[in-house]
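Please read through the structure below; I'll follow up with questions.
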Amino acid sequence: MKHPTFGEGVAVALTAAVSGSVAYSVLHDLIGFGWTSYALTSGLGLGYILYLLGRSRDHVGRFVTLAAWVLISVASWLTLQDPILYLLMQAGIIWLVRSLYHQPGPLAAILDLMLGLAALAAGVWAFVHADSLFLGIWTYFLVQALFVTIPSAKGRRPAGRQAADSDPDHFQTAYRSADAALRKLSAHQ
């Protein structure tokens, strides 16, 4: 499976911005601002999490991750009265999922957290200054697309270790070492 790319992230950002803007214009008149903001935040959050899970090499825990997202989202929707807190909670879940499935360790996860906070700040800034939901969503997810530039964001293990583990000569060297150790052990008995 290919790793996520920045170009793919740009396409995800564009898709999210268009679908979010259209959904807002339709839902706002039907259910009002409050419910629309929660529904829009939930829909975009779920869509991005599904994208992250779909592009991950790890298959373990996907169902649990989605179930946890549903439980946290429903509980937050019912308890959080402020749509901004709900937005922060969804951004936090996005960071957590990306850290678990696309980052190799704590340092990369911290860098990813800083990227997520910068994306949130940039998205809010674009929304406020341009008075455009499209630009706010676009900017948020466009900055999020930069997660592929975080060192070692392309896999769970560093590139050198992946290459060494799949190198046939490396396997042969290990095999010969193990064989020699077994011969020594059997000669001493």
Listed partners of Val97 passing side chain to side chain contact (heavy atoms under 4.5 Å, CB included), at least two apart: Ile49, Leu52, Leu53, Thr65, Ile93, Tyr101
Hydrophobic cluster membership, Phe33 vs Leu30, 4.5 Å side-chain cutoff: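 Yes: a chain of side-chain contacts under 4.5 Å links Phe33 to Leu30.
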Over all atoms of both residues, closest heavy-atom pair of Ala13 and Leu142: CB-N, 3.6 Å
same_hphob_cluster(Phe134, Val128) at 4.5 Å side-chain heavy-atom cutoff: yes
side-chain hydrogen bond (donor to acceptor under 3.5 Å, both in side chains) contacts in which one or both residues fall within residues 27-38, not counting sequence neighbours: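 Qualifying pairs, neighbours excluded: Tyr24-His28.
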Short side-chain to backbone donor-acceptor contact, Thr149 and Leu146, under 3.5 Å: yes
Rounded distance (nearest 0.5 Å) linking atom CE of Met114 with atom CD1 of Ile150: 8.5 Å
Gap between atom CG of Leu50 and atom CZ of Arg62 - 0.5 Å precision: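 One gets 10.0 Å once the value is rounded to the nearest 0.5 Å.
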Listed partners of Ala67 passing side chain to side chain contact (heavy atoms under 4.5 Å, CB included), at least two apart: none
Pairs flagged by salt bridge (charged side-chain N to carboxylate O under 4.0 Å, His left out) wherever residues 72-82 is involved - sequence neighbours left out: none
Side-chain donor/acceptor of Ser19 to backbone N/O of Ala16, under 3.5 Å: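 Such a contact is found between Ser19 side chain and Ala16 backbone.
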Criterion side-chain contact (heavy atoms from CB on, under 4.5 Å) on Ser42 and Tyr86, from CA distance to verdict: CA-CA 9 Å; Ser42 296; Tyr86 190 74; 2.5 Å; yes
Val12 vs Pro4 side-chain heavy atoms within contact, under 4.5 Å: no
Ile84 CD1: over 12 foreign heavy atoms closer than 6.0 Å: no
Contacts of type side chain to side chain donor-acceptor pair (under 3.5 Å), residue Trp125, not counting sequence neighbours: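 So Trp125 forms a side chain to side chain donor-acceptor pair (under 3.5 Å) with His129.
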Counterpart residues, ring pair (Phe, Tyr, Trp, His ring centres under 6.0 Å), relative to Phe127 (two or more places apart): none
Parallel, tilted or perpendicular: rings of Tyr51 and Tyr48 (30°, 60°):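 Plane angle between 30° and 60°, so tilted.
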Residues in side chain to side chain contact (heavy atoms under 4.5 Å, CB included) contact with Ala39, at least two apart in sequence or another chain: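 With sequence neighbours excluded, Ala39 shows a side chain to side chain contact (heavy atoms under 4.5 Å, CB included) to Leu27, Trp77, given in chain and number order.
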Close side-chain approach of Leu78 and Val74, heavy atoms under 4.5 Å: yes
Minimum heavy-atom distance Asp58-Ser56, with the two atoms named: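 Scanning both residues, the minimum pair turns out to be N-OG, 3.0 Å.
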Considering all heavy atoms, the nearest Leu111-Pro151 contact: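 Smallest heavy-atom distance, with atoms named: CD1-CD, 4.1 Å.
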Where Ala23 and Leu40 come nearest, the two heavy atoms and their spacing: CB-CD1, 4.1 Å
Within residues 99-123 or reaching into it, pairs that qualify as salt bridge (charged side-chain N to carboxylate O under 4.0 Å, His left out) - sequence neighbours excluded: Arg98-Asp112
Set of side chain to side chain contact (heavy atoms under 4.5 Å, CB included) partners for Ala145, sequence neighbours left out: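 In terms of side chain to side chain contact (heavy atoms under 4.5 Å, CB included), with neighbours along the sequence ignored, Ala145 is linked to Phe6.
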Inter- and intrachain pairs under salt bridge (charged side-chain N to carboxylate O under 4.0 Å, His left out), touching residues 135-145, at least two apart: none
Spatial distance of atom CG (Leu87) from atom CG (Leu80) [nearest 0.5 Å]: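 Output value for this atom pair is 11.0 Å.
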Minimal non-hydrogen separation, Ser21 against Ile137, with atom names: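 Smallest interatomic distance, heavy atoms only, reads N-CD1, 4.4 Å.
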Euclidean distance, Leu120 CG relative to Thr139 OG1, rounded to 0.5 Å: 12.0 Å
Side-chain touch Leu44/Phe141, heavy atoms, less than 4.5 angstrom: yes
Check: Leu66 and Leu46 side chains under 4.5 Å, non-hydrogen atoms: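 A side-chain contact under 4.5 Å exists here.
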Residue pairs involving residues 7-17 (criterion salt bridge (charged side-chain N to carboxylate O under 4.0 Å, His left out); sequence neighbours excluded):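 Of all non-adjacent pairs touching residues 7-17, those that pass salt bridge (charged side-chain N to carboxylate O under 4.0 Å, His left out) are Glu8-Arg55.
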Qualifying residues under side chain to side chain donor-acceptor pair (under 3.5 Å), relative to Ser73, sequence neighbours excluded: Trp69, Gln90
